[in-house]
Amino acid sequence: NLYNNQLTNVDGLSNLTTVGNSLNLYNNQLTNVDGLSNLTTVGNSLNLYNNQLTNVDGLSNLTTIGENLDLRNNKLTNVDGLSNLTTVKYYLNLSNNNLTNVNGLSNLTKVNYGELDLSNNPNLVDLSGLRRITVLGDAIKIDNNPSQFTTKIPAGAWLCNINQKNYFDTDDGYLSQANACENVTN
């Protein structure tokens, strides 16, 4: 556990390829995670919330998270560094950032038991990166974001099938399947 230490980099972790349990790096002053560039698998959770991250490019080899990936409360404008991530077992939290798109999630297929939280990203207009999700345990939460997305999840994606409409959190009316998908298929 390296949380609450005012760390500004994780360069000393550059040889790390697998974490069997959790890696807790929250409440530091990290602006990047380049020192994690060899990390491929985390058995439990990777907690990077409450930092100053502007990118997650250092996570470009990460493929699997055994429990949670928490990146909330940073300064991310994109998640391109997550382009090889395919599976998160519980939840993926990207809330309270400055995301404009989620294209870095284009290979994500499973959030097995939890939710994908994209809330409070006021500049988020492109959801097309969610097109490959085929397993979602709970919902996509997108509160306090634009009600109209300029680039939607492509028609034909699993999330856009009419039978999947309950996966969209519409508590505040911001996200419905109709305004997240190009066309809702039958």
Side-chain angles (χ1 to χ4, degrees), residues 22 24 26 42-50 53 56 59 62-186:
S22 293
N24 294 311
Y26 57 89
V42 176
N44 287 347
S45 298
L46 178 55
N47 293 307
L48 289 161
Y49 58 89
N50 296 339
L53 296 175
V56 288
L59 299 177
L62 186 64
T63 61
T64 305
I65 298 285
E67 288 189 5
N68 308 310
L69 176 55
D70 196 339
L71 289 162
R72 67 188 144 128
N73 300 328
N74 278 290
K75 297 179 179 182
L76 299 173
T77 57
N78 69 66
V79 287
D80 293 350
L82 299 177
S83 61
N84 286 311
L85 184 65
T86 60
T87 304
V88 175
K89 188 171 183 181
Y90 289 107
Y91 73 81
L92 174 53
N93 193 335
L94 296 168
S95 64
N96 299 310
N97 278 289
N98 296 310
L99 297 175
T100 58
N101 68 69
V102 288
N103 294 340
L105 300 179
S106 63
N107 286 312
L108 182 67
T109 59
K110 298 177 185 176
V111 182
N112 290 349
Y113 300 108
E115 73 180 13
L116 170 56
D117 192 344
L118 297 170
S119 300
N120 297 309
N121 281 288
N123 299 313
L124 182 62
V125 294
D126 182 348
L127 297 176
S128 63
L130 304 179
R131 67 185 166 275
R132 288 199 175 102
I133 293 176
T134 57
V135 175
L136 184 61
D138 192 358
I140 298 173
K141 186 175 182 182
I142 306 188
D143 298 332
N144 301 316
N145 286 342
S147 59
Q148 186 63 45
F149 298 98
T150 56
T151 307
K152 299 180 180 189
I153 302 169
W158 180 80
L159 283 170
C160 294
N161 182 295
I162 192 69
N163 297 324
Q164 312 314 332
K165 66 182 173 187
N166 57 331
Y167 287 110
F168 293 87
D169 182 346
T170 58
D171 287 343
D172 65 5
Y174 277 99
L175 186 70
S176 68
Q177 190 181 47
N179 73 12
C181 295
E182 286 178 352
N183 292 306
V184 177
T185 58
N186 293 320

Rounded to the nearest 0.5 Å, what separates atom [atom1] in [X] from atom [atom2] in [Y]?
X    : Y    : atom1 : atom2 : answer
L127 : I153 : CG    : CD1   : 5.5 Å
L118 : S95  : CG    : OG    : 8.5 Å
L46  : L92  : CG    : CG    : 10.5 Å
L124 : L94  : CG    : CG    : 9.5 Å
N112 : Y90  : CG    : OH    : 9.0 Å
K141 : L116 : NZ    : CG    : 11.5 Å

Return a table of donor-acceptor pairs under 3.5 angstrom between the side chains of residues 62-70 and protein atoms on other chains or two or more places apart.
{"unit_1": "T63", "atom_1": "OG1", "unit_2": "T40", "atom_2": "O", "d": "3.2"}
{"unit_1": "N68", "atom_1": "OD1", "unit_2": "Y91", "atom_2": "N", "d": "3.2"}
{"unit_1": "N68", "atom_1": "ND2", "unit_2": "S45", "atom_2": "OG", "d": "3.3"}
{"unit_1": "D70", "atom_1": "OD1", "unit_2": "R72", "atom_2": "N", "d": "3.2"}
{"unit_1": "D70", "atom_1": "OD1", "unit_2": "R72", "atom_2": "NE", "d": "3.0"}
{"unit_1": "D70", "atom_1": "OD2", "unit_2": "R72", "atom_2": "NE", "d": "2.8"}
{"unit_1": "D70", "atom_1": "OD2", "unit_2": "R72", "atom_2": "NH2", "d": "3.0"}
{"unit_1": "D70", "atom_1": "OD2", "unit_2": "Y91", "atom_2": "OH", "d": "3.4"}

Under 3.5 Å, which donor-acceptor pairs link side chains of residues 130-140 to any protein atom two or more places apart or in another chain?
{"unit_1": "R131", "atom_1": "NH1", "unit_2": "S128", "atom_2": "O", "d": "2.8"}
{"unit_1": "R132", "atom_1": "NH1", "unit_2": "S106", "atom_2": "O", "d": "2.8"}
{"unit_1": "R132", "atom_1": "NH1", "unit_2": "N107", "atom_2": "OD1", "d": "3.4"}

Pairing donors with acceptors under 3.5 angstrom, does anything connect the side chains of [X] and [Y]?
X   : Y   : value
N74 : N97 : no
N73 : N50 : yes
N47 : N24 : yes

Report summary line: When every non-hydrogen atom of C160 is compared with those of P154, the smallest separation belongs to SG-O, 3.7 Å

Query raised in the report: Between V56 and L82, does a side chain to side chain contact (heavy atoms under 4.5 Å, CB included) hold up when you go through it step by step?
Result: CA-CA 7 Å; V56 288; L82 299 177; 4.0 Å; yes

**Report entry** Stepwise side chain to side chain contact (heavy atoms under 4.5 Å, CB included) check, L99 with D126
**Finding:** CA-CA 9 Å; L99 297 175; D126 182 348; over 6 Å; no

Query raised in the report: Would a 4.5 Å heavy-atom cut-off, applied to side chains only, mark V102 and N121 as touching?
Result: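 No, their side chains stay 4.5 Å or more apart.
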
Requested in this report: Go through N123 and N98 one step at a time and tell me if the side-chain hydrogen bond (donor to acceptor under 3.5 Å, both in side chains) criterion holds.
Outcome: CA-CA 6 Å; N123 299 313; N98 296 310; 4.7 Å; no

